[in-house]
Amino acid sequence: MSPTLLQLLMAGEYLCPVSHPNEFNALDASDELCERVSQWLSQMDMRLARVGADGAFFMAPAKFTDAVTSRIRAELREFRDTYGPAVRMLDFIRQAKGENATCSPGERIQLVELETAVTASTTLNAQLRTLLELIFAGNPRNSDRENLQKLMEHLRKDGYAIVADRASDTYQLTGKVEQLYAALSFLDDNKAIEEQDVADQLELVDDAGPDTTQRDLGVEA
Amino acid sequence: VSNPSDSIQRLLATLNKHSDIVSEAFAGPVAGGDREREKAIAALVAVGALKDYEEGTYYLSASLHGYFSTVLSSFHALQALTRIRGLLHQANEQWDELRRLRAAGASSDIRRLEVALERSIIEVGDVVERNIGLLNAMVMGQYGNVSDLASKFRQNRFYAREVDTSLRELRQVEAFVDKVSESTGDGLARIRQLVVRRLGAELLPWSARLKDAQSSISRRLFEARLMERRLRQLARYSSWLTSTPTQGGWDIEIAEDIDLALHRPQQLELQPQPDFRDPTTVNMERLVGAALRLPRPRELSAPARRTVPDDDVVIADEVLPFVVVLEPHEVALERLGVDLDLRAGAGNVDAVLLSWWKSQAEEAVPGLADMSTEEWLFHAATHLAAGDYRLDFHRSVEDRVDPFPVNTRFHDIGVTPAPRYARGRREPEAAAP
């Protein structure tokens, strides 16, 4: 049992094939190792868990105590601060990449691709300006490229992306985005937002193919 | 009448001579140009390799394009799988006719029909193989012939339908194989064998490979739907965040059976501590290293003079000696040390712990007899091992035969001063003048 693996889990990291391939593969290949890690974490009333059936590994509480549920409840009450920045930044990437966006673990995002889209669209440019208040060290005096880099670095520091290739300024989304989607799905299940609430902004057709849907999703904030 | 093989050679020579134009036509329609090019195109049109497309442009003949696509696994977007229904219908008719001719005894046409049927059977096999190759190239290659994601999804849906059709057609092939296999006694055993070998035996592998492709396609469709849903979620919540700036979130009751993924792990602050129970060298080195890194203890300053009345101070006028009272086993150990020194001086360095204890326990060391032999051996061995003595555990033959001893059994311990003792490090008396 690698001390690094335990240290990463204890640090609250999500272990996915993108961010920590060695640790992820070791856990994914061995139920016995998962069991041992869980046993070790149980000393602190924690255990090993996964996002979905085959998503990233992370450290979860051994039991859902009142403290745990209270914290989750508080995070959803403060959704704007907890999840808001990541949601808005990922949605910005989705719009910038257009029909090629997946916003899923493993997706590669080239800074130059975002920059080209922002340069070509005044809407995206304006949207980037509104995001500056959320982006760490984002500044209207910076160039678009600098602000886009700050955006990606913000996502990286929050664990949603890694640098895949520094030379070409290419980033890659990690398995942590699955956690974000799990939260959004939970909110959907609890009808936090009615489809009608945002129908004015989004003309989405549920049963349409991804081609039309994604085109329709190109909304302006 | 010209020899067919000569005609084929001439055809191939023409194709070879103008291979650059054939290659260009595989990618798309070709147009004329200088006289040389026009001549080449005319030659290719003459052998049927190129067909008229529009005024002055030509395309590669469908059969040549199909051949190159199959061999090179290079297919254009949304390329349909080749239907085998027509070929099967043809093979069925040929089989029925063959049986009729056999029954009528018209042997002159039988051979020609047999060759035609063989060709049909081989073609059915080839087409199925080609279809599977096309599917694999498309599905495994992530529909690399288009870069647009939406277009990839559309192709995925298209091929899902194509696989369904192919699987239905395989059932028709199976029916044909059954029909041919069941009819016996007609003198067509060779054809029957060909059908069973080329089609019957391949049905299961073909079906399995098609189903593999189908499962890949289904998985991608599921992923696409999931992704579609997620992108929609992102857009909706992002839109909500911008359109309702005064709201922070939602107060939702959390049940105990919610998705564990909603829990966001927090860093657990733990200070790693060295394990003092671990006697390994690595750990001990770490411990020593940690101890060396500790700050040096501050020297204690002289205690402040107390400002108390003189009658509070007690001044002792007598120094009491501090007497250490040794336990019997400690006395015995000291004696053993002296005894070993004496033996060493006399050249007899060896001693045996148990016999020594027995000799002393009677009267030499009062109270030593109250100690058990195990306690004595354990106590003496531990202390002697920590000093400059080498211990030799005496074991019986029975104890030695155990190949995997859990505990090393012994009945006595021999003690010898370690070599450095013998080198005189601890012989100050002998060395003194």
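Just so it is clear, the model here is predicted, and its values are computed rather than measured. Lettering of chains follows the sequences in order, A, B, ..., and the numbering in each one begins at 1.
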- Item | Within 45° cone and under 6.0 Å: B:Arg264 NZ/CZ vs A:Tyr83 ring | yes
Are any of the side-chain heavy atoms of [X] and [Y] separated by less than 4.5 Å?
{"X": "A:Thr69", "Y": "B:His263", "result": "no"}
{"X": "A:Tyr14", "Y": "B:Pro265", "result": "yes"}
{"X": "B:Ile258", "Y": "A:Ile72", "result": "yes"}
{"X": "B:Ile254", "Y": "A:Leu76", "result": "yes"}
{"X": "B:Glu253", "Y": "A:Arg73", "result": "yes"}

- Note on the structure: B:Tyr58 meets the ring pair (Phe, Tyr, Trp, His ring centres under 6.0 Å) criterion, sequence neighbours left out, with none
- Take the angle between the ring planes of A:Phe79 and B:Tyr237 and call it parallel below 30°, perpendicular above 60°, tilted in between. tilted
Nearest atoms (heavy-atom pairs only) where [X] meets [Y]:
{"X": "B:Leu241", "Y": "A:Gly84", "answer": "CD1-CA, 3.6 Å"}
{"X": "A:Ala49", "Y": "B:Leu260", "answer": "CB-CD2, 3.4 Å"}
{"X": "A:Asp91", "Y": "B:Ser238", "answer": "OD2-OG, 3.1 Å"}
{"X": "B:Gln233", "Y": "A:Ser185", "answer": "NE2-OG, 3.3 Å"}

For [X], which atoms come within 4.5 Å of any heavy atom of chain B: side chain, backbone, both, or neither?
{"X": "A:Tyr181", "answer": "both"}
{"X": "A:Ser70", "answer": "neither"}
{"X": "A:Val68", "answer": "side chain"}
{"X": "A:Met89", "answer": "neither"}
{"X": "A:Leu187", "answer": "both"}
{"X": "A:Glu75", "answer": "side chain"}
{"X": "A:Thr82", "answer": "both"}

Nearest-0.5 Å distance, [atom1] of residue [X] to [atom2] of residue [Y]:
{"X": "A:Met10", "Y": "B:Gln266", "atom1": "CE", "atom2": "CD", "value": "13.5 Å"}
{"X": "A:Lys191", "Y": "B:Ile252", "atom1": "NZ", "atom2": "CD1", "value": "11.5 Å"}
{"X": "A:Leu90", "Y": "B:Leu231", "atom1": "CG", "atom2": "CG", "value": "10.0 Å"}
{"X": "A:Glu78", "Y": "B:Asp251", "atom1": "CD", "atom2": "CG", "value": "10.0 Å"}

Any sub-3.5 Å donor-acceptor pair from [X]'s side-chain atoms to [Y]'s backbone N or O?
{"X": "A:Arg80", "Y": "B:Gln247", "answer": "yes"}
{"X": "A:Gln179", "Y": "B:Ala261", "answer": "yes"}
{"X": "B:Trp250", "Y": "A:Ala192", "answer": "yes"}

- Message: Looking at A:Asp66, I'd like to know if its CG atom is crowded, meaning that more than 12 non-hydrogen atoms belonging to other residues, nucleotides or ligands lie closer than 6.0 Å.
- Response: no
- Which one of A:Asp81, A:Thr65, A:Leu184, A:Val87 has the most heavy-atom pairs closer than 4.5 Å to chain B? A:Leu184
- Taking A:Glu13, A:Met44, A:Met59 one by one, which has the highest count of heavy-atom pairs under 4.5 Å against chain B? A:Met59
- Message: Looking at B:Arg236 and A:Asp188, is there a salt bridge between them, counting it only when a charged N and a carboxylate O are closer than 4.0 Å?
- Response: yes
